[in-house]
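Structure record follows, encoded as structure tokens.
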Amino acid sequence: MAQLLDFENEKYEKGYKKFYPSRENIRQNIGKKICFVTYVDPHRGYFTVKHGVIHSIKYSRLFLDDRNNEVDIRSILDCGIEI
């Protein structure tokens with residue numbers, strides 16, 4: 001997994017620590033906030049950090065914010081969880 005997020009210096013990732021999004025880790029941390037990156041622009045290197053609260057997981061789909069948002073955990077490039 002690439003190191004895209006800077007948990008010590010960046011404004012939006014401060015207060016988070018490195019998190020590996022596996023099924024077991026997600027089940028143990030239901031209700032906690034995470035930040036993650038799923039896409040990096042290959043030409044410019046830009047990426048967007050998304051935030052959400054872990055609701056549940058089914059197969060490889062991570063459901064966030066009362067099942068309103070979903071993400072495939074296989075597409076997460078870098079992830080952090082709130083301390």
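The basis for the numbers below is simple: all heavy atoms, side chains too, and nothing from hydrogens, waters or symmetry mates.
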Would His51 and Phe36 count as a side chain to side chain contact (heavy atoms under 4.5 Å, CB included) if you check the C-alpha gap in whole Å, the side-chain angles of each, and the deciding distance to 0.1 Å?
CA-CA 7 Å; His51 294 82; Phe36 58 94; over 6 Å; no
Taking all non-hydrogen atoms of both residues, which atom of [X] and which atom of [Y] are closest, and how far apart?
X: Ser56; Y: Arg67; result: OG-NH1, 3.5 Å
X: Gly31; Y: Val53; result: O-CG1, 3.6 Å
X: Glu70; Y: Phe63; result: OE1-CE2, 3.3 Å

Measure the [atom1]-[atom2] distance between [X] and [Y] for me, rounded to the nearest 0.5 Å.
X: Ser60; Y: Ile76; atom1: OG; atom2: CD1; result: 10.0 Å
X: Tyr20; Y: Asp78; atom1: OH; atom2: CG; result: 12.0 Å
X: Ile83; Y: Lys33; atom1: CD1; atom2: NZ; result: 13.0 Å
X: Lys58; Y: Arg23; atom1: NZ; atom2: CZ; result: 10.5 Å
X: Ser75; Y: Tyr39; atom1: OG; atom2: OH; result: 13.0 Å

Determine whether a donor-acceptor pair (N or O, by modelled atom type, separation under 3.5 Å) exists between the side chain of [X] and the backbone of [Y].
X: Asn29; Y: Ile26; answer: no
X: Asp72; Y: Arg74; answer: yes
X: Asn25; Y: Pro21; answer: no

Does any part of the side chain of Thr38, heavy atoms only, come nearer than 4.5 Å to the side chain of Val71, both counted from C-beta?
yes
Is there side-chain contact between Tyr46 and Val40, with at least one heavy-atom pair below 4.5 Å?
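Heavy-atom side-chain distance check fails, nothing below 4.5 Å.
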Take Val37 and Lys50 through the test side chain to side chain contact (heavy atoms under 4.5 Å, CB included) and record every step on the way to the result.
CA-CA 6 Å; Val37 175; Lys50 299 179 182 178; over 6 Å; no
Is the closest basic N to carboxylate O distance between Lys32 and Glu82 below 4.0 Å?
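Result for this pair is no, no salt bridge flagged.
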Applying side chain to side chain contact (heavy atoms under 4.5 Å, CB included) to Leu64 and His55, what does each step give before you reach the verdict?
CA-CA 5 Å; Leu64 302 168; His55 181 271; 5.9 Å; no
Think Arg61 forms a cation-pi with Tyr59, using NZ or CZ under 6.0 Å from the six-ring centre and within 45 degrees of its axis?
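No, a cation-pi geometry is absent between Arg61 and Tyr59.
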Could you walk me through whether Ile34 and Leu62 pass the side chain to side chain contact (heavy atoms under 4.5 Å, CB included) test, one step at a time?
CA-CA 11 Å; Ile34 62 169; Leu62 170 61; 3.8 Å; yes
